[in-house]
Amino acid sequence: MNTRKKIVVVGNGMVGYKFCEKLTARMQPDQFEIVVFGEEPRHAYDRVHLSEYFAGKTADDLSMSTLEWYAEKNIRLHLSDPVQQIDRNEKTVHSFHGITESYDYLVLATGSAPFVPPIPGVEKDGVFVYRTIEDLDMMQSYAKKARKGAVIGGGLLGLEAAKAMLDLGIEETHVIEFAPRLMPRQIDDQGSAMLRSKLQELGLEIHLNKNTSEILGDDCIKAMRFADDSYLDVDMLVISAGIKPRDELAKLSGLEVGTRGGIVVNSKLQTTDPEIFAVGECALHNGMIYGLVAPGYEMADVVASNLCGGDKSFTGYDMSTKLKLIGVDVASFGNAFSTTPECRTIVFEDTVKSIYKRINISNDGKQLLGGILIGDAEAYNMLLQTVNNKIVLPLNPEDLILGARGGAASEGAGVMSLPDDALICSCEAVSKASICEAVIGGTETLDGIKKCTKAGTGCGGCVPMVKDLIAGTMKAQGKYVRNVVCEHFQYSRQELLDFIRLEKLETYDQVLDKHGKGDGCEICKPVVSSILASLYAETANKKPVAQDSNDRFLANIQKGGTYSVVPRIPGGEITPDKLIVIGEVAKKYGLYTKITGGQRIDMFGAHLSDLPLIWEELIAAGFESGHAYAKSLRTVKSCVGSTWCRFGLHDSVSFAIEVEERYRGLRSPHKLKSAVSGCIRECAEAQSKDFGIIATEKGWNLYVCGNGGSKPRHADLLAQDVDKETCIRYIDRFLMFYIKTADPLTRTATWLDKLEGGMDYLRNVVVNDSLGMGAQWEAEMEQLVDSYTCEWKEAVENPEIRKRFAHFVNAPTEKDPNVKFEPMRDQVKAAEWK
Amino acid sequence: MYAKETETDVQQWFLACSAGDIPQDGGACVKYNDKQIAVFNFSRRNEWFATDNLCPHRQQMVLSRGMIGTQGDEPKVACPFHKKTFSLKTGECLSGDDCTITTYPVKIEDGFVYINVASL
C-alpha cells in the first residue's frame with residue numbers, strides 16, 4: 001500500500017522551485033510523492049538576474065538547478081504543460097497535455113504576468129514584455145533592426161528592462177514613467193532626481209509624468225503618442241508597468257481571489273481550501289502582493305515546514321531592497337518614506353558624485369526607522385540590520401551615512417557586533433549565528449559557507465557581510481586570515497615570491513616540491529611562472545606548459561580556437577613601410593584587422609600553425625612581440641606632443657617610446673597599461689592608466705593606479721613637475737613594489753585600495769623611500785630591462801619551440817578543420833559559438 | 001612475456017604519436033580519422049590520459065591546449081576559454097557545470113602512445 005501523501009506543485013518558477021528544495025531537504029525520505037507542472041519549456045531559472053542574459057550569461061547559467069536534481073529527488077516534472085483545471089471534490093488536477101494527477105496537497109506557485117495597460121496598439125510587432133527567457137530571445141532578435149527603444153515603467157523592473165536595451169546595443173533608450181518619480185515604491189523625489197541624473201549620464205532618456213495614450217505604426221511600432229499630445233519615434237518598446245498575479249486557475253476553481261487580483265491566503269498560506277496553498281507573487285496576504293523573491297522564498301519555507309509537521313506562520317515581510325541598476329546602487333529599507341512629525345530625517349546629498357542618502361530616525365534619536373541610499377549603498381546591510389535588530393543609535397547618527405569624520409576612521413565592530421539572531425541572508429533566512437557556527441566548524445571559505453548554509457545564494461547582496469563574518473569569526477578564534485593562492489599553496493603570492501627569491505628557486509616543480517602539495521593547477525601554475533619571470537626576466541618559452549594557455553602559444557585565443565597577433569608599436573608610432581608589412585601579412589594569412597584601444601593593430605583569425613610563419617615575417621620587418629597575451633606591460637599610448645601639436649609642452653611620443661621600450665615584456669601580477677600626454681588636455685588619457693605621465697610647464701606629472709575596465713578609476717598624482725630621469729626612477733620603484741606585493745590578477749588600482757595607508761603610504765615608499773628599498777628596486781629593474789628578449793624571436797628561431805604551434809601533433813601541417821569564418825564588412829569574423 | 005594480442009585488440013589500439021611528442025605535464029591534440037583526441041602526459045604523476053578535444057561548454061576544439069593539474073587527488077584539465085575544469089579520469093565537469101567529456105584508455109609501448117578507439 002502506498003501511504004505516501006502526494007503534493008502537486010503548480011508552477012516551476014523561482015518560488016515553486018524553492019518550495020521543492022525546502023520540502024525535499026526537510027521531509028523524511030519518501031514522505032511525499034512530488035509532482036510539478038511548469039508552463040515554461042525550461043525548468044526554474046533565476047528571473048532576478050534576467051538582464052545578465054544579455055550581458056553574456058546563458059540560460060544554463062541562470063538555471064536554479066539541473067534536471068538531474070529533480071530526478072535525484074524523485075520529483076516528476078512536467079514542463080511546457082500548464083495545469084488547466086482543478087477538481088477540488090475529486091482532488092485532481094488536469095493539465096493542458098491531458099495529464100491527470102491526484103493530490104493530497106496542492107501548492108499554487110503560478111507567479112505573475114506582466115501587467116499590460118490597455119493602450120491602443122499594444123498588439124503591434126516590436127512591443128514586448130519582460131519576464132521569461134523567451135521574451136528575451138524575442139527582444140534580442142528584434143533589437144538587431146532597432147535603433148530607438150523605449151520602456152514603459154520606471155520602476156525596478158522597468159529600469160532593469162532599460163538596462164537590457166542598453167546591453168542589446170539599442171542606441172537610444174527612453175524610460176517613460178507615469179508617476180512624477182522613478183521607482184515610486186522605493187525612493188522619494190530627491191532620490192529619484194539623483195537617480196535620474198545618474199541614469200541620464202549613462203545614456204538613458206527619462207520622461208516622468210508621461211502617460212502613453214497610443215502606440216502608432218502599421219504592423220510594427222513606429223512611434224508613441226502621449227496624453228500631452230507629444231510624440232516619440234521608437235522602433236521597439238518594452239512594457240514593464242507592474243505585475244498581475246496569475247490567479248485565473250484559482251478563480252476557476254472557486255477559490256477566493258482579491259478584487260484587484262491575487263489568491264487570498266491566511267498566515268499559513270492556505271487558500272479558502274485548506275488543502276490548497278498559494279505562495280509567491282500569486283498570493284494575496286493581508287491585502288498585499290509581494291513582488292520580490294525573498295518573501296516568496298519565506299512563503300515556500302512556511303508551507304514546506306508546516307507540511308513536515310512544523311508550525312510556522314507568514315507574518316508579512318520587510319520590503320527592503322538593494323540593487324545595482326545599470327551600475328548605480330539603489331537601496332531602500334525599513335520605513336523609507338516616514339516624515340515629520342513621526343520622525344526626524346537626516347539627508348546627505350552630493351551632486352558631484354551623484355550620491356543621495358536619507359535616514360529616518362525616531363523622535364527620541366534612539367532608533368533607526370528606515371532610509372534610502374542612491375549612488376553608494378555600501379552601508380545598506382549594516383543599516384538594515386540596525387533597523388531590524390532595533391540597535392540603539394550612536395550619539396551622532398549622521399556617522400551612519402557619512403562615516404566617522406575627524407580622528408581615526410572607525411572601522412567599527414561592524415557585522416561582528418550584531419546580535420546572533422540577526423538575519424544576514426534574507427533570501428534564505430540565514431542568521432549570523434548559523435554562519436559563525438559553520439565557520440567555527442571549519443568551513444572557512446565563501447563557497448563552503450554558500451554550500452552549507454545557502455547564505456548568499458539568492459540575490460547575493462549579503463555576500464560582503466558573509467565575507468566579513470568569515471574573516472571576523474576566524475580572527476576572533478585567533479586565526480590568521482590570508483589570501484592563499486590555491487589548494488596547492490597555503491601561501492599568499494607575496495610569500496611565495498619571497499621564498500623563490502631567497503631560496504633562488506628556478507622552476508615551477510621546485511617551488512611545488514618545496515612549498516606546495518599535490519600536482520598544481522591552472523591557478524598556481526601561472527602565478528609561479530609569472531613570479532619566476534618577474535624575478536629572472538624569463539620569457540614564457542622556458543616552461544610553456546606551466547603558463548596560461550595564451551602565454552604558452554604567445555597569442556590571445558579567440559572564438560573558434562584561432563589566435564590574434566599584436567606586434568608592438570611603441571607609443572603608437574609606426575612608419576608607412578611597417579604599416580604596409582602589417583597589411584601584406586594580414587592579407588596573406590586571411591586575417592581580420594582592427595585598431596586597438598592601445599594604439600596598435602590587432603590581426604585576428606590566425607591558425608595555430610600559421611603563428612610562427614606570421615611572426616617570422618613580422619620580425620624580419622623589425623617588429624617584436626606586443627605581449628598582448630600576457631600579464632605584463634601592454635602599451636604606452638601617447639598623443640602627438642610638441643613635435644606637431646600647437647599646445648604640446650614636451651615631446652610625449654619620444655617619452656612614451658622610451659617608457660614602452662624600458663618596460664616591454666615585464667611580467668607582473670596583472671596587465672599594465674600606460675600613457676604619456678604632452679599637455680593637460682590629456683589626449684592620451686594617461687589618468688586612466690596604471691601609470692600615466694602628463695607634461696607640465698616645469699617637467700612631468702606622474703599619476704598611478706588608474707584603470708578603465710568594469711570599474712573605472714582615475715589615477716592619483718604621485719609626483720609633480722619631476723624631470724624624466726626622476727619620473728623613470730619613481731616608475732621603477734612603483735612597479736617593483738607592486739610586482740612584489742600584489743595578489744594574483746590584481747590591477748594596480750585594486751592593489752592600492754587594499755594597501756594599508758593608501759596613497760600617502762605609497763608616496764612615502766616611492767618618493768621618500770621610507771622603506772629604504774629604492775636603490776635595490778631600481779637595480780633589479782635595470783637588470784630586467786637589460787635582459788629583455790623578444791619571446792617571439794626566440795620562438796621562431798628555435799625549431800624545437802616551433803613544434804609547439806601545431807594543431808595536430810600527428811599531422812603538423814594540417815589545420816583544425818573546425819575553424820570557420822563568416823564574411824563581414826569585407827573582412828571575416830569567427831563563426832558564432834553555441 | 002606478453003600475451004599475444006588478437007587482431008581485434010590491435011584494431012582497437014590506435015597508434016597516435018611518439019611519447020616525446022606530448023610535452024611533459026601538458027597535452028597535445030591527435031587526429032584520428034575525422035575525430036580529435038586530446039592526449040595528456042601527466043609526467044609528475046607518471047600518468048597518461050586521453051579525452052575529447054572538444055570542450056562541451058562552447059563546443060570549442062581546445063582542451064589539449066588547456067593546463068592540467070589536480071583537484072584533491074583528481075587529475076583535471078582546464079579549458080583555456082572559460083576555465084571550466086574536467087576530470088581526466090572520468091570526464092566529469094569539476095566546476096559544477098552540467099556537461100562531461102569522454103575519456104579514452106591510453107597506453108605507452110616502446111615509446112609510442114596508443115589510444116583505445118573501440119568506443120569511437
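Throughout, protein chains are lettered first and strands after them, A, B, ... in sequence-line order, and every chain is numbered starting at 1.
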Exercise. Are H57(B) and H82(B) an aromatic pair by the rule of ring centers under 6.0 Å?
Worked result: yes
Exercise. Measuring heavy-atom distances to chain B, does E814(A) have an atom under 4.5 Å in its side chain, in its backbone, in both, or in neither?
Worked result: side chain
Problem set entry | Between H807(A) and Q36(B), a side-chain donor and acceptor under 3.5 Å | yes
Exercise. Do K107(B) and W13(B) meet the cation-pi criteria used here (NZ or CZ under 6.0 Å from the six-membered ring centre, within 45° of the axis)?
Worked result: yes
For this session: Is it possible for you to check whether K31(B) lies under 6.0 Å from the centre of the six-membered ring of F808(A), through NZ or CZ, and within 45° of that ring's axis?
Result: yes
Problem set entry | Result of checking F14(B), Y114(B), Y104(B) against Y32(B) for ring pair (Phe, Tyr, Trp, His ring centres under 6.0 Å) | F14(B)
Exercise. More than 12 heavy atoms of other residues, nucleotides or ligands under 6.0 Å from NZ of K89(B): is that the case?
Worked result: yes
Seminar exercise, completed: So, the part of E68(A) with a heavy atom under 4.5 Å from chain B: the answer is side chain
Exercise. For L608(A), is it the side chain, the backbone, both or neither that has a heavy atom under 4.5 Å from a heavy atom of chain B?
Worked result: side chain
Seminar exercise, completed: Greatest number of non-hydrogen atom pairs under 4.5 angstrom with chain B, of I523(A), T66(A), N810(A), D509(A), falls to N810(A)
Exercise. Chain B: which of C486(A), G518(A), P544(A) shares the most heavy-atom pairs with it under 4.5 Å?
Worked result: G518(A)
Seminar exercise, completed: Most heavy-atom pairs under 4.5 Å with chain B, out of L67(A), V819(A), D513(A), D60(A), belong to D513(A)
Exercise. Hey, mind stepping through F49(B) and F40(B) against ring-ring contact (aromatic ring centres under 6.0 Å, His included) and telling me if it holds?
Worked result: CA-CA 5 Å; F49(B) 300 98; F40(B) 300 96; 7.8 Å; no
Seminar exercise, completed: Turns out that what part of A546(A) lies under 4.5 Å from chain B's heavy atoms comes down to backbone
For this session: Could you tell me which portion of D548(A) (side chain, backbone, both or neither) has an atom closer than 4.5 angstrom to a non-hydrogen atom of chain B?
Result: both
Exercise. Please walk me through it: do Y45(A) and E40(A) pass side chain to side chain donor-acceptor pair (under 3.5 Å)?
Worked result: CA-CA 10 Å; Y45(A) 54 87; E40(A) 288 185 59; 2.4 Å; yes
Exercise. Quick one: what part of S18(B) sits under 4.5 Å from any heavy atom of chain A, side chain, backbone, both or neither?
Worked result: neither
For this session: Begin from the C-alpha positions of S64(B) and N53(B) and carry the test side chain to side chain donor-acceptor pair (under 3.5 Å) through to its verdict.
Result: CA-CA 6 Å; S64(B) 59; N53(B) 193 34; 3.0 Å; yes
Exercise. Taking D61(A), V545(A), D519(A) one by one, which has the highest count of heavy-atom pairs under 4.5 Å against chain B?
Worked result: D519(A)
For this session: Between chain B and each of G560(A), A806(A), A811(A), count heavy-atom pairs under 4.5 Å; write down the option with the most.
Result: G560(A)
Exercise. For Q24(B), is it the side chain, the backbone, both, or neither that has a heavy atom closer than 4.5 Å to a heavy atom of chain A?
Worked result: backbone
For this session: Begin from the C-alpha positions of E92(B) and S87(B) and carry the test side chain to side chain donor-acceptor pair (under 3.5 Å) through to its verdict.
Result: CA-CA 5 Å; E92(B) 187 192 340; S87(B) 161; over 6 Å; no
Problem set entry | For chain A, the option from R45(B), R44(B), Q59(B) that forms the most heavy-atom pairs under 4.5 Å | R44(B)
Seminar exercise, completed: Counting heavy-atom pairs under 4.5 Å with chain A, the top scorer among D25(B), L54(B), I37(B), V62(B) is D25(B)
For this session: Pick whichever of C29(B), G26(B), G69(B) has the most heavy-atom pairs under 4.5 Å with chain A.
Result: C29(B)
Problem set entry | T58(A), part contacting chain B, at a heavy-atom distance under 4.5 Å | side chain
Problem set entry | Partner chain A: residue of V39(B), V77(B), D34(B), I68(B) with the largest heavy-atom pair count (under 4.5 Å) | I68(B)
Exercise. How about F553(A) and W792(A): are their ring centres within less than 6.0 Å of each other?
Worked result: no
Exercise. Between K543(A) and chain B, which part of the residue has a heavy atom less than 4.5 Å away: side chain, backbone, both or neither?
Worked result: side chain
Exercise. Where the side chain of D602(A) meets the backbone of V566(A), is there a donor-acceptor pair that is under 3.5 Å apart?
Worked result: no
Exercise. Between V30(B), I22(B), D21(B), which residue shows the highest count of heavy-atom pairs closer than 4.5 Å to chain A?
Worked result: V30(B)
Problem set entry | Segment of E522(A) engaging chain B (4.5 angstrom heavy-atom cut-off) | both
